[in-house]
Amino acid sequence: MPNIDAGNLRNVALLSHSGAGKTSLCEALLFNTKAINRIGRVEDGNTVSDYEPEEVKRGGSIQTTLISCSWDRYKVNFLDTPGYDDFFGEVVGALRVVESATILLPAPSGVDVGTERSWSQSEEMGLPRVLLVNKMDRENASFARTVADIQGTFGNQCVPFQLPIGDAQDFKGIVSVVHPPADIPAEVAGDFEMARERLIEAVAEADDELADKYLEGEELTDEEIINGARSAILAGALVPILASSATQNIGVEEYLEFVREFLPSPLEGMVPDMKNANGESVECEVDAGAPLASFVFKTTADPFVGKLSLFRVYRGTFKSNSEVWNSNRNQSERIGQLYLPRGKSQENISEVVAGDMGAIGKLGVTVTSDTLCARESQVTFDPIEFPRGYYSVAVAPATKADLDKMSTSLARIVEEDPSLRYSRDADTGDSLLTGLGDAQIEVAIERIKRKFGADLLLRMPKVAYRETITRVINTEYRHKKQSGGHGQYGHVLLRLEPMDRDNGFEFGSEIVGGRVPREYIPAVEKGVVKSMEEGILAGFPVVDLKTVIYDGSYHDVDSSGMSFEIAGSQAFKKGMADASPILLEPIVKLTVNVPEAYTGEVMSDLNGKRGRILGMNPGDRYTVVEAEVPLAEVQRYAQDMRSLTQGRGSYRLEFDHYEPVPANIEQRVIEETKRLKEEERV
């Protein structure tokens, strides 16, 4: 494939709610540009972009796929992104390396949560947007109703650039409003004049010079309308609405032509901030002859090929069989063959020029968000800020054979999807995989089994409860053992005192007159500390108490450090049982961002979860609710939030403090903990 001039390149992210037809659109685009000779179907599992077994099984995208369409002297790199919330990290990565976004929405249902999310994310990134009303051939499809829904949700800057000829089963084509045909079909004649007038108004509103001309009653020329529309789209002041049926391949060629004519090239899009080796911002000029500056936006782990890294070149030319510098790792990377991915297969290419995208396999140290550049002209791009998830599962190997593979495979899968995190909870001993939701975790585990042969079991993570005391108690223990020769003797009197929350542990001595020799007192403390590792209610660590040794006795011959360690341990255990012990549970600070319409449901749900509402901060369309909630109640809050807000809410949580478990719940926790321990022994 010959290199394309940067002015003839387009990089476009395809966004939508799940099931709006992005993958089917890609099939039609590839077919129309003769990259494939037949159109695959999502239902048949034979599409180019949904090629992973997990995607075929679910009938939808779970990762971003690069789809390149070339014709004449033009090339468009489409990034087909997942529509399901759990894979939103893929969307964030894709939006980082494109100049524009197309948001698909199904004509039968109109604007949904995925449309709103895609719009917000594109707007936040400052990207020009296009709205493509797809599935126009489906039952209940209505272009007029969908346009009204779009304008009611996003504003009147959203303007039809096309009109469909018929709706639902009568849909048979489209008419361009921006390029009026010589003969306008009778079915749309009435609507066309209104649509054309609205388009001209919108173009004039976005340009002062055209506005003056329009208000003075002068007609705008076709060239002025087209150029004005293009400028307004690039500025985000105008959002075109198009129509299509991807599965019927109607409106797809016109969409591709629209992308070529109206969406920005790499020469016109926003250039990311680039810093030199001294951390100073430098200009990133889109020039194929300049020193290389490229950015890795996605990594795919493969047990046979190794890593496959997708990258975008911002400056210079990336060549096969060369050497580049990873400025994030300060290491050189040997480059072998470059590829242009096409689903499961790859086309070998010799180079990738500024503005274009490609892939490289088997890089040694490079991961997502790394910059690959020329060593003599080192630069770095800011990393992608992936969304942080709070949905955790405990992961364990199914067999001993899986134990060795577990850590390696989890590390590889996290490298592939940076919105996943792998960690170990020091308090509970659980190995945790944390992400945006249950579907993302399930897919990761399926991939680990398929790619790395590790069978992993999932369960709810343990909650790191604590134990403490609620009253002062005096306790005594005498350790005396005679077994021929030297015996064992240690005698201590301890006072256990509760401390304020989160004050940990304190040990003190009030021994006078040498009742217990000074050298044995550290041994008593050691015995107490060891016993604190497991409390007496359910075996949780003991916190927030002070232990004081105030008396005791010893034997000249039989006493030893070990004897006093045992005496201290046993005295502590005895005292704990008598000091009215209680369970403490972790309390998290929960911050929920929720549309106003769902605030009541969220508040009610939090009250049912033993939450304490700390405050509410109403915004334009969203309300921020802050609350303190027991961790045990919100371990599956990702699912609850999706259900409560129809996927429109978001949240974050962080550990805050420990509080006593209510008495009616405490017994249940103790019994459940003991049951789990019994099962683990078996």
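From a predicted model like this one, the values you see are computed outputs, not experimental measurements.
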Any chance the side chains of Glu123 and Ser120 put a donor and an acceptor closer than 3.5 Å?
no
May I ask you to establish whether Arg10 and Tyr74 are in a cation-pi arrangement, using a distance under 6.0 Å from NZ or CZ to the six-membered ring centre and at most 45° from the ring axis?
no
Kindly determine whether Arg642 and Asp86 satisfy salt bridge (Lys or Arg N to Asp or Glu O under 4.0 Å), including the steps that lead there.
CA-CA 11 Å; Arg642 194 170 294 145; Asp86 282 13; 2.4 Å; yes
Roughly how far, to the nearest 0.5 Å, is OG of Ser122 from CD1 of Ile103?
4.5 Å
Above 12 or not: heavy atoms from other molecules or residues under 6.0 Å from CE of Met194?
no
Could you measure the distance from the OG1 atom of Thr300 to the NZ atom of Lys307? Nearest 0.5 Å is fine.
11.5 Å
Test salt bridge (Lys or Arg N to Asp or Glu O under 4.0 Å) applied to Glu446 and Lys57, step by step:
CA-CA 11 Å; Glu446 287 172 17; Lys57 175 183 169 183; 3.1 Å; yes
Separation of Gln63 CD from Ser49 OG (nearest 0.5 Å):
9.5 Å
Under 3.5 Å side-chain donor-acceptor pair for Thr299 and Thr368:
yes
With no hydrogens and no angle check, do the side chains of Gln169 and Asp137 hold a donor and an acceptor under 3.5 Å apart?
no
Can you list every ring-ring contact (aromatic ring centres under 6.0 Å, His included) pair that touches residues 20-40, not counting sequence neighbours?
none
Pairing donors with acceptors under 3.5 angstrom, does anything connect the side chains of Arg652 and Tyr390?
no
Compute the ring centroids of Phe311 and Phe295, then answer whether they are less than 6.0 Å apart.
no
Does one side chain, of His179 or Glu261, offer a donor that lies under 3.5 Å from an acceptor on the other?
yes
As an exercise, state the distance from CG of Asn32 to CD of Glu27, rounded to the nearest 0.5 Å.
11.0 Å
Should we say atom CD of Glu43 is surrounded by more than 12 heavy atoms from elsewhere, each under 6.0 Å from it?
yes
Could you walk me through whether Arg73 and Asn8 pass the side chain to side chain contact (heavy atoms under 4.5 Å, CB included) check?
CA-CA 7 Å; Arg73 295 168 295 107; Asn8 292 343; 3.3 Å; yes
Tyr84 and Ser61: side chain donor to acceptor below 3.5 Å:
no
Using only heavy-atom distances, determine whether the side chains of Thr115 and Asp112 contain a donor-acceptor pair under 3.5 Å.
yes
Taking the six-membered ring of Tyr314 as reference, does the NZ or CZ atom of Arg312 fall below 6.0 Å from its centre and within a 45° cone about the axis?
yes
For the residue pair Asp80 / Thr65, report whether a side-chain donor-acceptor contact shorter than 3.5 Å exists.
no
Would you check, one step at a time, whether the test salt bridge (Lys or Arg N to Asp or Glu O under 4.0 Å) holds for Glu124 with Arg117?
CA-CA 11 Å; Glu124 192 178 306; Arg117 186 195 61 221; over 6 Å; no
Would you check if there is a donor-acceptor pair between the side chains of Ser16 and Lys22 at a distance under 3.5 Å?
yes
